[in-house]
Visitor: 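This is the structure I want to talk about, given as structure tokens.
In what follows, every chain begins at residue 1, and chains take the letters A, B, ... in the order their sequences are listed.
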Protein chains: 2
Amino acid sequence: MSNSKEVSKSTIERLPKYLRYLIEIDKMGAVDISSTTIAEHFNFNPIQVRKDIAQVSKKSGKPKTGFKVKELIKDIQNFLGYNNYSEAVIVGCGGLGKTLMAYSGFLSLGLKIVAAFDSNPALFGLEVNGLKIHSMEELDAVINKTSAKIGIITVPRESAQQVCDRLIECGIKGIWNFAPLHLVVPSDVAIRNEDMAASLAVLSYELAAKQKSD
Amino acid sequence: MSNSKEVSKSTIERLPKYLRYLIEIDKMGAVDISSTTIAEHFNFNPIQVRKDIAQVSKKSGKPKTGFKVKELIKDIQNFLGYNNYSEAVIVGCGGLGKTLMAYSGFLSLGLKIVAAFDSNPALFGLEVNGLKIHSMEELDAVINKTSAKIGIITVPRESAQQVCDRLIECGIKGIWNFAPLHLVVPSDVAIRNEDMAASLAVLSYELAAKQKSD
DNA sequence: GTTATATCGATATCAGTATATCGATATGCT
DNA sequence: AGCATATCGATATACTGATATCGATATAAC
Ligand SMILES: NC(=O)c1ccc[n+]([C@@H]2O[C@H](COP(=O)([O-])OP(=O)(O)OC[C@H]3O[C@@H](n4cnc5c(N)ncnc54)[C@H](O)[C@@H]3O)[C@@H](O)[C@H]2O)c1
Ligand SMILES: NC(=O)c1ccc[n+]([C@@H]2O[C@H](COP(=O)([O-])OP(=O)(O)OC[C@H]3O[C@@H](n4cnc5c(N)ncnc54)[C@H](O)[C@@H]3O)[C@@H](O)[C@H]2O)c1
């Protein structure tokens with residue numbers, strides 16, 4: 001498929017963490033940073049950090065000092081696409097949907113929510129954070145006025161798969177699902193199931209394991 | 001540490017997915033279910049499903065028919081601890097905090113939020129979903145009146161590590177962090193960083209990869 | 001200027017997870 | 001009843017990601 005080397009999911013998940021840390025120490029005046037120091041901060045392995053960096057930055061680090069903070073920041077941001085915005089639409093403007101719409105943090109991640117939809121007529125026309133809520137009938141028309149490729153799903157579990165299918169029909173190519181079910185999509189569509197039950201299960205299991213060992 | 005065999009994180013993440021599916025088909029009247037059918041539903045590998053099941057259920061499946069749906073449900077629920085509630089407290093009752101407090105879905109995951117805290121005096125005494133918001137001064141006293149072992153963090157990034165440390169001082173043993181930073185905790189504390197930036201990074205990368213290959 | 005050392009990058013090894021193979025068997029079908 | 005077959009569980013293999021090793025080297029310290 002892709003000609004350049006594949007970057008693993010685990011590496012990609014760590015990159016935003018490095019980035020936040022680098023931005024922080026940059027603000028504090030740091031110029032150089034070593035993989036060792038980054039690793040210590042996160043309790044990671046320095047070799048892992050170095051390998052992650054090597055995959056997204058062509059600049060090579062120097063013995064004894066490491067990497068240039070500002071260069072690393074630029075390279076990671078570039079790799080993650082934080083420079084140019086991706087547009088997204090959101091479907092389901094209930095509790096969670098409205099919260100995400102009001103969240104300012106996505107902008108710095110290169111994500112801009114450009115349209116919102118709901119099936120509840122009571123919400124039509126309402127504005128949240130400057131975003132007007134549209135009816136589901138307008139889905140196709142409104143999406144096609146944007147260049148949105150990402151759809152955020154915050155509808156109840158029962159309607160999530162159906163909403164997902166409709167989004168894909170409208171040309172959406174990436175689904176960020178917050179409903180508690182595992183959505184299935186065609187192979188040309190990217191999907192991320194934000195499964196809080198799975199997350200909590202891991203936390204509870206680890207908690208139980210640690211409690212047991214004393 | 002633990003005497004029984006360890007169950008991998010990946011397996012634990014899949015179990016809640018299986019469970020939701022099993023409950024659904026149980027409602028639809030299904031009695032038996034094969035690993036093949038489960039796997040097809042999720043686009044997983046049937047051997048993987050069988051191995052996951054083998055780790056949490058002593059009941060063995062039968063050739064040609066598979067497993068008993070109701071038995072599997074019970075075994076998975078039991079393994080995940082959905083039968084007896086874990087208590088949790090939440091710190092940070094802003095947009096996201098209030099949304100989580102109002103969310104009814106946690107109960108079926110065996111999680112019960114029993115207390116809420118914020119540093120903003122304007123919120124003290126306010127009730128969300130029957131939960132009164134306490135001041136941070138009351139943290140220790142209120143937590144110790146409960147049996148909460150889990151702390152949910154929904155404060156701004158800047159105060160998250162400090163809040164985390166205080167929770168641990170109060171006897172909290174598992175941290176569910178929604179603030180955008182990688183919290184570091186002592187080794188006897190379980191931590192789950194719900195990192196939306198990491199999540200979105202993976203989605204964006206996969207989206208870009210799929211767009212490229214056409 | 002010389003020396004000691006922290007860090008790098010490349011390569012090798014290790015560990016853990018996912019997948020493949022295969023014999024056994026219970027069930028459904030003729 | 002007998003046969004074909006879907007599925008199981010156990011074992012073996014393959015794959016992917018994490019960690020260890022090691023020579024090279026730029027820098028800091030003296
Ligand atoms: N609230 C949370 O903290 C939380 C946490 C984790 C997961 N979730 C999940 O996120 C989803 C939303 O949760 P919520 O608390 O905001 O629920 P909610 O009921 O407050 O909001 C759901 C919204 O979706 C709309 N909707 C329903 N069917 C629709 C359809 N077919 N098309 C378009 N819009 C439709 C409703 O009108 C409503 O506005 C749920 O699946 C929930 O399980 C929520
Ligand atoms: N809102 C979202 O959709 C969203 C999404 C992902 C991550 N997050 C993260 O979750 C956190 C909360 O987000 P939010 O939108 O609810 O923010 P918010 O500003 O609405 O709420 C934060 C709350 O924390 C309280 N607070 C601040 N400092 C505190 C302290 N030291 N002790 C106790 N309480 C304190 C504030 O009074 C406020 O009520 C943030 O870190 C945010 O980045 C939010």
Visitor: How close do A:R192 and B:S199 get, heavy atom to heavy atom, and via which atoms?
Guide: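 Reported closest heavy-atom pair: NE-OG, 3.0 Å.
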Visitor: A side-chain contact here means heavy atoms from C-beta on lying under 4.5 Å apart; do A:I113 and A:Y103 qualify?
Guide: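 They are not in side-chain contact.
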Visitor: Are any of A:R14's side-chain N or O atoms less than 4.0 Å away from OP1 or OP2 of D:dA18?
Guide: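 Answer yes for this pair, as a side-chain N or O of A:R14 is under 4.0 Å from OP1 or OP2.
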Visitor: Please list, chain by chain and in numerical order, all residues satisfying side-chain contact (heavy atoms from CB on, under 4.5 Å) with A:D165, sequence neighbours excluded.
Guide: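 A:D165 satisfies side-chain contact (heavy atoms from CB on, under 4.5 Å) with A:Q161 only.
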Visitor: For D:dA26 and A:T65 - does any side-chain N or O of the residue sit under 4.0 Å from the phosphate oxygens OP1/OP2?
Guide: no
Visitor: Without decimals, in angstroms, what is the distance between A:K68 NZ and C:dC8 P?
Guide: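 In whole Å, C:dC8 P lies 13 Å from A:K68 NZ.
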Visitor: Set out, line by line, the N/O atom pairs under 3.5 Å between protein and nucleotides 3-6 of chain C.
Guide:
unit_1: C:dT5; atom_1: O2; unit_2: A:K64; atom_2: NZ; d: 3.1

Visitor: Please tell me if A:N45 has a side-chain N or O lying less than 4.0 Å from either OP1 or OP2 of D:dG17.
Guide: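 Checking A:N45 against D:dG17: no side-chain N or O falls below 4.0 Å of OP1 or OP2.
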Visitor: In terms of the nearest nucleotide of DNA chain D, which residue is placed more toward the 5' end: A:S10 or A:R50?
Guide: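 The residue mapped nearer the 5' terminus is A:S10.
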Visitor: Rounding to an integer number of Å, can you tell me how far B:F42 CZ sits from C:dT19 C1'?
Guide: 19 Å
Visitor: In whole angstroms, how far is the C1' atom of D:dA10 from the CD atom of B:Q55?
Guide: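 Distance, rounded to whole Å: 14 Å.
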Visitor: Does anything in residues 174-183 of chain B pair up under side chain to side chain donor-acceptor pair (under 3.5 Å), and if so which pairs, sequence neighbours excluded?
Guide: B:W176-B:E194, B:N177-B:N193
Visitor: With a cut-off of less than 4.0 Å, is there a side-chain N or O of A:K62 near OP1 or OP2 of D:dT27?
Guide: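 Checking A:K62 against D:dT27: at least one side-chain N or O falls below 4.0 Å of OP1 or OP2.
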Visitor: Could you check which of D:dA18, C:dT17, D:dG17 has an atom nearest any side-chain atom of B:S8?
Guide: C:dT17
Visitor: Contact class for B:S60 vs. all strands (heavy atom < 4.0 Å): base, sugar-phosphate, or nothing?
Guide: sugar-phosphate
Visitor: Measure CD/A:E13 against P/D:dA18 and give the value in whole Å, please.
Guide: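 My rounded result for the distance is 10 Å.
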Visitor: By the 4.0 Å heavy-atom rule, please label B:F67 as base, sugar-phosphate, or nothing.
Guide: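 Here B:F67 touches the backbone only, sparing every base.
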Visitor: Using atom CD1 of B:I33 as one end and atom C1' of D:dC8 as the other, report the distance to the nearest whole Å.
Guide: 15 Å
Visitor: Verify the contact: side-chain N or O of B:S35 to OP1 or OP2 of D:dT7, cut-off strictly under 4.0 Å; return yes or no.
Guide: no
Visitor: In whole angstrom, give the distance that lies between atom CG of A:L72 and atom C1' of C:dC8.
Guide: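 Nearest whole value for this atom pair: 13 Å.
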Visitor: Can you name the nearest heavy-atom pair linking B:F67 to B:K59, along with the distance?
Guide: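 Reported closest heavy-atom pair: CE2-O, 4.2 Å.
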Visitor: Between atom CD in A:E71 and atom P in C:dC8, what is the gap in whole Å?
Guide: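 Answer to the nearest Å: 14 Å.
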Visitor: Evaluate the side chain to side chain donor-acceptor pair (under 3.5 Å) criterion for residues A:D75 and A:S57: first the C-alpha distance (whole Å), next the side-chain angles of each, then the deciding distance (0.1 Å), finally the verdict.
Guide: CA-CA 6 Å; A:D75 286 343; A:S57 174; 2.6 Å; yes
Visitor: Which nucleotide sits closest to the side chain of B:I47: D:dA20, D:dT27, C:dT19?
Guide: C:dT19
Visitor: In whole Å, I'd like the distance from the CG atom of B:D52 to the P atom of D:dC8.
Guide: 13 Å
Visitor: Report the residue from A:K70, A:K68, A:K62 that forms a salt bridge (Lys or Arg N to Asp or Glu O under 4.0 Å) with A:D32.
Guide: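 The residue from A:K70, A:K68, A:K62 that satisfies salt bridge (Lys or Arg N to Asp or Glu O under 4.0 Å) with A:D32 turns out to be A:K68.
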Visitor: Any donor-acceptor pair under 3.5 Å joining the side chain of A:K51 to the base of D:dT19?
Guide: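 Counting by modelled atom types and ignoring angles, a donor-acceptor contact under 3.5 Å is found here.
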Visitor: Please report the C-alpha distance between A:D195 and B:R20 in whole Å, then the side-chain angles of each, then the deciding distance to 0.1 Å, and finally whether the salt bridge (Lys or Arg N to Asp or Glu O under 4.0 Å) criterion is met.
Guide: CA-CA 12 Å; A:D195 192 336; B:R20 285 188 301 241; 2.6 Å; yes
